[in-house]
Amino acid sequence: MNIEIFNTYSKTYENFIPIDSENVRIYVCGPTVYDFIHVGNARPLIIFDVLVRFFKFIYPKVTYVRNITDVDDKIIIQSKKNNENITDLTKRTIEAFTEDAKSLHVLTPDHEPKATEHIPEMLKIIKTLIENKNAYYSNKHVFFSVSSMSEYGSLSGMKLDEMIDGARVEVNSLKKEPGDFVLWKPSEKGEMGWESEFGYGRPGWHIECSAMSEKFLGKQFDIHGGGLDLIFPHHENEIAQSCCAFETPFMAKYWMHNGYITVNNEKMSKSEGNFITVRDALRRFSGEVIRYSILSGHYRSPINFSFESLNESKSALDRLYRCSEGFEIDNNIDQEFLSALSKDLNTPLAISRLHELAKEFNKGNRLSGQLLKSSSRILGLLNVSSSEWFTKKDQIDEEKINNMISERNKARKEKDFHLADKIRDELKSIGVSIEDKENETKWRLD
RNA sequence: GGCCGGAUGGCAGAGUGGCUCAUGCUCUGGAUUGCAAAUCCAGCUACCUCGGUUCGAUUCCGGGUCCGGCCUCCA
């Protein structure tokens, strides 16, 4: 199967050809664990989860790494703000993150390395960079020298002189050039840090990904993913570090970046304060609905978040669930569905195919229902049985509902439609919709 | 200031140099139903604007307008 991917590096669609077709290697930037994730953070989790599910169907082996950033200035600030020990904060946040990811039906990656567990690996790269004259020591700091790498800026299309014109680079007299970025910086006594030949300190933001991707995937790997906002400076700097330290022409063969989730058409972000946490959204909609909603737009386009659109997603997903009743997952995946995913992970087109299958099923084609159920697995949808989807919820008295339904059916048999309608209204008022079939009455929660 | 994206029907959102037609949600009408629900069928003036290329452009090229983003932490 020919798979096309839009490569941020070349800004064009490219045919995906793995470096090693026996083991496709993917690295995605995971969360910085200082607070609950918001819906915007959920997008790359879901998108790359689908990419990995798709690839695992196509290729014999996929190694997926998603790191956890558990050392960062934001963590230090948050721990002071909470008056909470850093380890407690990160442990608690990682647990919450794992729960949220699970609610969104995001599969656990093959490796989930933590930055704090890879400090020696980072220091080794920093040392090599200094030896290679790509980095320099300056008063307890180590900086990467951007002018030492002629290709610097090739991912983001940034030019060094233009960056300076932007006047948005950190003013730091220790740097030789404004674009230089920190690899190692000093920590105060008692502050989070590690002893090193550069003094007691902690790593800069970017170096962890160079260290951990190399450890688990090698010096060069297939796909590196993350949000659009990581292109510069994060991924640009990762490339600089990895390529200079490992002396390789490229770090990842393909770079994939997802677009933003917006609120009122503006980027959802912690700093803007316009975010909705995944936990909050989960109070009103199931993780699968959130997932459907995120997959209903192409991964590189913006998606505007609203509870109305989640509601719409729920209606659409309900329809798919109605058509998947009684089917078990098998390995038969719809070809048109796969073909949609092979075109730069066109999930909206893939979903539209699922709806076509649903329609065919409703017209009496059982095979379409089977294909619908099995294909949906690649998107991480239709994860539970249809009856569970429509009837399982806490604090639901199934016995009472069933009793009311049989009472109503008795009334219907006796043509007491007045009573029958009254019972239906009562059921409706407790959030139960019913559907009279030929020989039975089905019910579901709204 | 530099550099990137985007503009499709009531809403969301794919796609295409010409085909009857994305798909979903909503609404309206029909079939079906005791009535509903579900389902099927049909409908609701779709391609921001101005030029260019072309037999033909929503689709390609150029200008404009508007919106968003990156250049600072950010998924």
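Remember, it's a predicted structure, so these values are computed and weren't measured experimentally. Residue numbers begin at 1 in each chain, while the letters A, B, ... track the order of the sequences.
Ranking B:U39, B:C35, B:U23 by closeness to the A:His355 side chain, first place goes to B:U23. When distances run from any side-chain atom of A:Ile261 to the nucleotides B:A22, B:A75, B:G24, the shortest one goes to B:A75. Residue A:Phe232 places its side chain closer to B:C71 than to any other of B:C71, B:C41, B:U39. With B:U39, B:A75, B:A22 as the candidates, the nucleotide lying closest to the side chain of A:Glu356 is B:A22. The side chain of A:Ser315 lies closest to B:C25, out of B:C25, B:C41, B:C71. For A:Pro348, taking side-chain heavy atoms from C-beta onward, the closest of the listed nucleotides B:G13, B:A75, B:C41 is B:G13. Taking every side-chain heavy atom of A:Ala316 into account, B:G24 is the closest of B:C40, B:G24, B:G34. Among the nucleotides B:A36, B:G69, B:A38, the one closest to any side-chain atom of A:Arg424 is B:A36.
Residue whose closest nucleotide on RNA chain B sits further toward the 5' end, between A:Cys29 and A:Arg353: A:Arg353. Residues A:Pro302 and A:Lys11 both approach RNA chain B. Their nearest nucleotides, taken by heavy-atom distance, put A:Lys11 toward the 5′ side.
Rounded to whole Å, the C1' atom of B:U26 lies 35 Å from the corresponding atom of B:G64. A distance of about 13 Å separates the C1' atoms of B:G15 and B:A46, rounded to the whole Å. Nucleotides B:G56 and B:C19 have their P atoms positioned 15 Å apart, rounded to a whole Å. Nucleotides B:U28 and B:C47 are separated by 24 Å at their C1' atoms, to the nearest Å. Comparing the same atom, P, in B:C21 and in B:C4 gives a spacing of 37 Å after rounding to whole Å. Using atom P as the reference point in both B:A36 and B:G43, the two lie 24 Å apart (nearest Å). Here the separation of B:G68 from B:U8, taken at their P atoms, is 15 Å to the nearest Å. Across B:A37 and B:G51, the matching P atoms stand 50 Å from one another, rounded to whole Å.
In this structure, the CG atom of A:Leu320 is 12 Å from the C1' atom of B:C25, given to the nearest Å. Computed from coordinates, the A:Tyr27 OH to B:A75 P distance equals 13 Å when rounded to whole Å. Rounded to whole angstrom, the span from the CG atom of A:Asn274 across to the C1' atom of B:G68 amounts to 13 Å.
Residue A:His298 is in sugar-phosphate contact alone, with no base atom involved, counting any heavy-atom pair closer than 4.0 Å across all strands shown. Residue contacts shown for A:Ser309 are absent, as no nucleic acid heavy atom lies under 4.0 Å away. If you check every strand for non-hydrogen atoms under 4.0 Å, A:Glu266 touches sugar and phosphate atoms only. Within the 4.0 angstrom heavy-atom criterion, base atoms lie near A:Ile434. Within the nucleic acid shown, A:Lys74 comes within 4.0 Å of sugar-phosphate atoms alone, with no base atom in reach, counting heavy atoms only.
Between A:Asn265 and B:G68, a side-chain N or O to OP1/OP2 separation shorter than 4.0 Å is absent. Within the 4.0 Å cut-off from OP1 or OP2 of B:C71, not a single side-chain nitrogen or oxygen of A:Lys159 is found. For the OP1/OP2 pair of B:G24 and a distance below 4.0 Å, the side-chain nitrogens and oxygens of A:Lys314 include no atom meeting the criterion. Within the 4.0 Å cut-off from OP1 or OP2 of B:A75, not a single side-chain nitrogen or oxygen of A:Arg300 is found. A sub-4.0 Å separation between OP1 or OP2 of B:A38 and a side-chain N or O of A:Arg319 is absent. Residue A:Lys363 places at least one side-chain N or O under 4.0 Å from the OP1 or OP2 atom of B:C41. Regarding contacts with the backbone of B:G15, a side-chain N or O of A:Asn346 is found under 4.0 angstrom from either OP1 or OP2.
Residues from residues 438-446 of chain A lying near RNA chain B, meaning a heavy-atom separation below 4.0 Å, are A:Arg444 in numerical order. Residues of residues 409-418 of chain A that place a heavy atom closer than 4.0 Å to RNA chain B, in numerical order, are A:Arg412, A:Phe417. Contacts of residues 30-45 of chain A with RNA chain B (heavy atom under 4.0 Å): A:His38, A:Gly40, A:Asn41, A:Pro44.
Annotation: cation-pi geometry satisfied between A:Lys270 and A:Tyr34 (NZ/CZ under 6.0 angstrom from ring centroid, within 45° of ring axis). Taking the centre and axis of the six-membered ring of A:Phe285, the NZ or CZ atom of A:Lys314 falls outside the cone set by 45° and 6.0 Å. Taking the ring centre of A:Phe6 as origin, the terminal cationic atom of A:Arg300 falls inside the region bounded by 6.0 Å and 45° from the ring axis. Remark: A:Arg353 fails to qualify as a cation-pi partner of A:Phe337 under the 6.0 Å distance and 45° angle criteria applied to the six-membered ring.
Between A:Glu435 and A:Lys437 a salt bridge is recorded (basic side-chain N to carboxylate O distance below 4.0 Å). Using a 4.0 Å cut-off between a side-chain N of Lys or Arg and a carboxylate O of Asp or Glu, A:Arg202 and A:Glu208 do not qualify as a salt bridge. We find that A:Asp318 and A:Arg444 are not joined by a salt bridge, their nearest charged nitrogen and carboxylate oxygen being 4.0 Å or further apart. Ion pair A:Asp421/A:Arg408 not flagged as a salt bridge, since none of the NZ, NE, NH1 or NH2 atoms sits closer than 4.0 Å to an Asp/Glu carboxylate oxygen. Contact check on A:Asp73 versus A:Lys185 returns a salt bridge, with a Lys/Arg side-chain nitrogen under 4.0 Å from an Asp/Glu carboxylate oxygen. Of the charged side-chain nitrogens involved, at least one lies within less than 4.0 Å of a carboxylate oxygen, so that A:Asp436 and A:Arg412 count as a salt-bridged pair. With respect to A:Arg66 and A:Glu112, a salt bridge is recorded, a charged nitrogen being found less than 4.0 Å from a carboxylate O.
Taking the six-membered ring where the residue is Trp, the centroids of A:Trp184 and A:His141 are separated by 6.0 Å or more. Side-chain rings of A:Phe55 and A:Phe16 approach one another, their centers coming within less than 6.0 Å. Residues A:His235 and A:His257 place their aromatic rings such that the two centres sit under 6.0 Å apart.
The side chain to side chain donor-acceptor pair (under 3.5 Å) check on A:Tyr64 picks up nothing, with sequence neighbours excluded.
Under 3.5 Å, the side chain of A:Asn304 and the base of B:C11 form no donor-acceptor pair of N or O atoms. Side-chain to base pairing of A:Asp229 with B:G69: no donor and acceptor N or O lie closer than 3.5 Å to each other. Put simply, the side chain of A:Glu312 and the base of B:G24 share a donor and an acceptor less than 3.5 Å apart. With hydrogens and angles ignored, a donor-acceptor pair closer than 3.5 Å exists between the side chain of A:Arg408 and the base of B:G34.
Ring orientation note: the planes of A:Phe143 and A:Tyr136 are tilted relative to one another, at an angle of 30° to 60°.
A:Thr32 and A:Asp72 are not linked by any side-chain donor-acceptor pair at a separation below 3.5 angstrom, with hydrogens and angles left out of the test.
Sorted by first and then second residue, the pairs that involve residues 280-297 of chain A and meet salt bridge (charged side-chain N to carboxylate O under 4.0 Å, His left out), not counting sequence neighbours, are A:Asp49-A:Arg291, A:Asp280-A:Arg283.
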Note to self: Reading 5' to 3' and counting Watson-Crick or G-U wobble pairs with both distances under 3.5 Å, write the dot-bracket notation for RNA chain B, | for bases paired outside the strand.
What the structure shows: (((((((..(((.....[....))).(((((.......)))))....(((((..]....))))))))))))....
